[in-house]
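Each ligand, and each atom within it, is numbered from 1 in the order the structure gives.
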Amino acid sequence: MSADGLGYSDAKRAAQAAAVQALSDGLGPAAAARATITATDAFFAQVVDALDLKPQVDGLACAAGCAWCCHQIVGITGAEAALLAQAIAALPPERRTILATRTRDAMTRGRGLDQRDWWAARIRCPVLEDNGLCGLHADRPLACRAFNSADADACKRSLLGEAVRTPVLGAQHGIWAHAQAGLAEADGTMAPMALAEVLERILAKA
Ligand code: SF4
């Protein structure tokens, strides 16, 4: 990513500045995560325009209900955890109960596994609904916003164990990964936390 002088470091700077502003305004970590998401959406749109990436974006296979990629360990920052905690607190009690059950099931199978083994075991994200939709889509982690693929069948084959390379839009991956790094620096997250483990902690208090 280099045309027009746009680089991943700019994505990180924009995300970090948005988060720092929210935190210094006293809005709290959930608002910092939300500000990062808003800033990064805007940055990505700017890059798509500047680098004429619309054909590639339009060619992505990702669509509502496609969830092959939602079977991995998702790393999140403290601010993203706060945003998820807020979203979970707003869920009806019966949905919180379902999420708690799914989280328990995922952690029973996945505790201690690394990314490769979690993927090989095909453990669903606890947030993933039976219809293939993300149950917390508006508040989903930054890493989930990075996921993309131009070939859903390749994603499926990969999850089923085939050694296949999935074609992705690298700029989307890179921008959201760097945005998360900017948010982590703003909120002091030393290392990403695993989403399912964070859900366990959130739901234990709910
Ligand atoms: S949080 Fe949502 S988008 Fe992210 S892995 Fe889970 S179900 Fe998929």
Side-chain angles (χ1 to χ4, degrees), residues 15 29-30 33-34 36-38 40-41 44 57 60-92 94-111 113-160 166 168-169 172-181 183-184 189 192-203 206:
R34 174 67 64 213
T36 297
I37 290 165
T38 302
T40 308
D41 273 335
F44 182 63
V57 171
L60 293 177
C62 307
C66 183
W68 304 113
C69 65
C70 296
H71 295 74
Q72 50 189 306
I73 298 173
V74 176
I76 67 172
T77 60
E80 290 168 88
L83 183 61
L84 287 167
Q86 198 175 72
I88 289 167
L91 290 175
E94 60 275 14
R95 283 199 56 209
R96 274 206 301 277
T97 302
I98 291 169
L99 183 56
T101 302
R102 288 187 184 138
T103 300
R104 207 166 32 248
D105 291 349
M107 290 307 298
T108 298
R109 295 180 59 208
R111 195 179 306 281
L113 296 186
D114 63 14
Q115 182 68 275
R116 192 188 58 174
D117 289 342
W118 182 288
W119 179 254
R122 295 178 211 147
I123 300 172
R124 293 167 62 94
C125 172
V127 181
L128 184 60
E129 302 288 350
D130 292 340
N131 59 6
L133 298 178
C134 175
L136 296 170
H137 188 258
D139 304 295
R140 68 196 186 284
L142 274 63
C144 304
R145 296 164 199 265
F147 298 159
N148 71 82
S149 165
D151 184 348
D153 188 59
C155 301
K156 176 182 178 181
R157 284 161 40 221
S158 174
L159 183 63
L160 295 181
T166 307
V168 302
L169 178 58
Q172 185 171 328
H173 268 292
I175 286 171
W176 285 101
H178 282 74
Q180 192 185 51
L183 177 58
T189 299
M193 302 172 284
L195 170 61
E197 292 178 14
V198 172
L199 292 174
E200 251 189 338
R201 291 200 288 274
I202 293 171
L203 289 158

* Asked: Would one find an N, O or S atom of Cys144, in either backbone or side chain, under 2.8 Å from atom 4 (Fe) of ligand 1?
  -> yes

* To do: List the steps and the verdict of side-chain hydrogen bond (donor to acceptor under 3.5 Å, both in side chains) for Glu94 and Thr97.
  => CA-CA 5 Å; Glu94 60 275 14; Thr97 302; over 6 Å; no

* Proximal ligand 1 atoms for Leu128, defined as those under 4.0 Å from one of its heavy atoms -> 7 (S)

* Structure fact -> In this structure, atom 2 (Fe) of ligand 1 is nearest to the protein heavy atom Cys134 SG, 2.4 Å

* **Side-chain ion pair, Arg109 and Asp105, N-O less than 4.0 Å** => no

* Asked: Once you round to the nearest 0.5 Å, how far does SG of Cys144 lie from CD1 of Ile76?
  -> 9.0 Å

* **Rounded distance [0.5 Å steps], SG in Cys62 versus CH2 in Trp68** => 13.5 Å

* Structure fact -> Cys125 heavy atoms within 4.0 Å reach ligand 1 at atoms 1 (S), 5 (S), 6 (Fe), 7 (S)

* Run the contact test for Pro141 against ligand 1 with a 4.0 Å cut-off on heavy atoms, strictly below, and give the result. => yes

* **Minimum-distance pair of heavy atoms, taken over all atoms of Thr40 and Ala15** => OG1-CB, 3.9 Å

* Is there an N/O/S atom in Cys70 that lies less than 2.8 Å from atom 8 (Fe) of ligand 1? -> yes

